[in-house]
Amino acid sequence: MNLLVTAVSSATGPSGICRHAYNLVRCAASRDEVFQITLALGNWQESYFRTSFDLQGIRAKIVTVNIANDAFARNAWYLRGLPKLADEVAADVVHLSFPAPIRRSTMRCPIVVSLHDLYPYDEPSNFGFPKVFFNRVFLQQCLREVDCVTCVSETTLTRLSLRFPSSAYRKAVVVHNCVTIDSVDPSVFPFERRCKFALMIAQHRENKNIPLAIEAFEILIRRGKRHSYLLLMVVGNVGPGTAAIKSLIEQRSLEAHIELIDGVTDGQLRWLYTNCEFLMAASSIEGFGLPIVEGLFCGCRIVCSDIPAFREIGGDACHYFDLHAEAGSSAMVQAICKALREPAMQAKHLDRFVMENVAREYASLYMHLGKGRVKK
């Protein structure tokens, strides 16, 4: 089996899409059924991938696509450039790491797409208007053209079933994201400041509710000496909400207590999970919640919003708060205080996310596709 994984996106730093693409490659590299792997990146992404991930340690060929990093050029590449690349590398299966516009008639091999969420419908503010309408069109086209849709969670499959029941019934399966955080020496401190800290892994987008988390954190540190030593590290790409987040930090005079980090390596991320006092996640909607499962693997205390994806992933091992409570930040503070009084809870069913098991599911899917067993 010869696999081509595409990761050509606007992202130039930490994002769930980039990590998912890397994990797809690692899963494939662990299976004998997949004897050749190609990972397609934009030329603006190569430095981030090579710095943040262990590309030397996996048997994959990296192909950089030399186009402009804008929506028109990227979408045009998926429509015209991807079929050419698939032919050049003699791909048996193409796996899109996220929905992109394609034409099935131009491809000689089966196409899989990973569906993380339905944000173009569920969280249109992430894209802005009128851009969101183009994203909806491209999502619809991709779902129509691909041979198989792999939903990263039961929550995402449920959302797909409500919006696109035909696609969900005919070609969708659930294959969870996997956890492949590299090990790191816990004695190595990778950042300049040494103090106790809380951690939040989130892009600067509206559904991540970073301002709410900042408000809750402010309440916590202003309560007195017990929590005043805490630092909040927010790791994630800049985005539509960056200006408002920075403005809020400045207005509340929290510069000494909140640090925005745009990029970390796998080893640094593992260190952060292992050493934080607790992990915060305040999202209003998610398709999966990779930081939650990564935090569980690293033994974190986790405080998160009570949404379906987090419940599916975290089960009884997280401290949940109601986003719709009259004072959402106060509800979050109560959950944080409860979490800090208790040791981290043991998560169940984490084997769903172990690379060996996820890789076996993908390999089986690819082989079935190659034999024409997934209906179009």
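The aromatic rings of Trp271 and Phe197 sit parallel to each other, their planes meeting at less than 30°, with 60° as the upper class boundary. Using cut-offs of 30° and 60° for the angle between ring planes, the Phe353 and Phe288 rings count as perpendicular.
Taking the side chain to side chain contact (heavy atoms under 4.5 Å, CB included) definition, one finds that Ala344 meets it with Arg301, sequence neighbours left out. With sequence neighbours excluded, no residue forms a salt bridge (charged side-chain N to carboxylate O under 4.0 Å, His left out) with Arg74. Not counting sequence neighbours, the partners of Ser9 by the side chain to side chain donor-acceptor pair (under 3.5 Å) test are Gln45. Applying the salt bridge (charged side-chain N to carboxylate O under 4.0 Å, His left out) test to Glu218 and every residue at least two apart in sequence or in another chain returns Arg222, Arg252. With sequence neighbours left out, the side chain to side chain donor-acceptor pair (under 3.5 Å) criterion links Gln141 to no other residue. Every side chain to side chain contact (heavy atoms under 4.5 Å, CB included) that Ala29 has, sequence neighbours left out, goes to Ile37, Ile58, Arg59. Shown here are the ring-ring contact (aromatic ring centres under 6.0 Å, His included) partners of Phe310, two or more places apart in sequence or in another chain: there are none. The side chain to side chain contact (heavy atoms under 4.5 Å, CB included) check on Asn2 picks up Phe35, Gln36, Ala90, Asp92, with sequence neighbours excluded. Applying the ring-ring contact (aromatic ring centres under 6.0 Å, His included) test to His204 and every residue at least two apart in sequence or in another chain returns nothing. Partners of Glu342 by side chain to side chain contact (heavy atoms under 4.5 Å, CB included), not counting sequence neighbours, listed by chain and number: His319, Lys338. Arg50 pairs by the salt bridge (charged side-chain N to carboxylate O under 4.0 Å, His left out) definition with Glu46, not counting sequence neighbours.
When the options Val94, Leu96, Thr6 are evaluated for a side chain to side chain contact (heavy atoms under 4.5 Å, CB included) with Val113, the one that passes is Leu96. The only member of Arg19, His20, His116, Arg352 that meets side-chain hydrogen bond (donor to acceptor under 3.5 Å, both in side chains) when paired with Asn177 is His20. Of the residues listed (Ile221, Leu232, Leu248), the one engaging Leu254 in a side chain to side chain contact (heavy atoms under 4.5 Å, CB included) is Ile221, and it is the only one.
The shortest distance between side-chain heavy atoms of Ile201 and Leu269 falls below 4.5 Å. Proximity of Asn209 to Ser305: side-chain heavy atoms (C-beta onward) are nowhere separated by under 4.5 Å. Residues Trp77 and Leu85 meet the side-chain proximity criterion, which asks for heavy atoms closer than 4.5 Å. Inter-residue side-chain proximity for Cys300 and Cys276 is flagged as met; some heavy-atom pair is nearer than 4.5 Å. Contact annotation: the side chain of Leu143 approaches that of Leu160 to within less than 4.5 Å [non-hydrogen atoms, C-beta and beyond]. His95 has its side chain within reach of Tyr362: a pair of non-hydrogen atoms, C-beta onward, lies under 4.5 Å apart.
Note on Val65 and Trp44: same hydrophobic cluster, where clusters join Ile, Leu, Val, Met, Phe, Trp and Tyr whose side-chain heavy atoms are under 4.5 Å apart, directly or indirectly. Cluster membership for Leu279 and Met345, using ILVMFWY side-chain heavy atoms within less than 4.5 angstrom, is not shared.
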*asked:* The test is side chain to side chain donor-acceptor pair (under 3.5 Å); show your working for Tyr273 and Glu294 and say whether it passes.
replied: CA-CA 8 Å; Tyr273 281 131; Glu294 288 179 335; 2.7 Å; yes
*Full working for side chain to side chain contact (heavy atoms under 4.5 Å, CB included) between Phe164 and Leu118*: CA-CA 10 Å; Phe164 303 99; Leu118 272 81; 4.0 Å; yes
*Please step through side chain to side chain contact (heavy atoms under 4.5 Å, CB included) for the pair Met280 and Ile336, ending with a clear verdict.*
CA-CA 9 Å; Met280 303 169 67; Ile336 290 171; 4.2 Å; yes
*Run the numbers on Cys298 and Arg270 for side chain to side chain contact (heavy atoms under 4.5 Å, CB included), then give the verdict.*
CA-CA 7 Å; Cys298 294; Arg270 177 62 182 260; 3.3 Å; yes
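Taking each heavy atom of Glu286 and Ala309 in turn, the nearest pair found is O-CB, 3.4 Å. When every heavy atom of Ala21 is checked against every heavy atom of Val5, the shortest pair comes out as O-CG1, 4.1 Å.
Outside the 6.0 Å centre-distance limit, the rings of Tyr119 and Phe98 are not counted as a close aromatic pair.
With rounding to the nearest 0.5 angstrom, the OG atom of Ser114 is 5.0 Å from the CG atom of Leu24. Glu361 CD to Tyr366 OH: the interatomic distance, rounded to the nearest 0.5 Å, is 11.5 Å. Rounded to the nearest 0.5 Å, atoms CZ (Arg103) and SG (Cys142) are 13.5 Å apart. In this structure, Thr155 OG1 and Ile313 CD1 are separated by 7.0 Å, a value rounded to the nearest 0.5 Å.
No hydrogens or angles considered: nothing links the side chains of Arg26 and Asn23 as a donor-acceptor pair under 3.5 Å.
Formation of a donor-acceptor pair under 3.5 Å by the Thr156 side chain with backbone atoms of Gly287 is found in this model. In this structure a side-chain-to-backbone donor-acceptor pair under 3.5 Å is present from Thr158 to Glu154.
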Enumerate, atom names and distances included, each donor-acceptor pair closer than 3.5 Å involving a side-chain atom of residues 129-139, sequence neighbours excluded.
residue : atom : partner : partner atom : Å
Arg136  : NE   : Pro120  : O            : 2.7
Arg136  : NH2  : Pro120  : O            : 3.2

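Using a cutoff of 4.0 Å between basic side-chain nitrogens and carboxylate oxygens, Asp147 and Lys171 are not scored as salt-bridged.
Crowding of Asp316 atom CG: a count of heavy atoms from other residues, nucleotides or ligands under 6.0 Å not exceeding 12.
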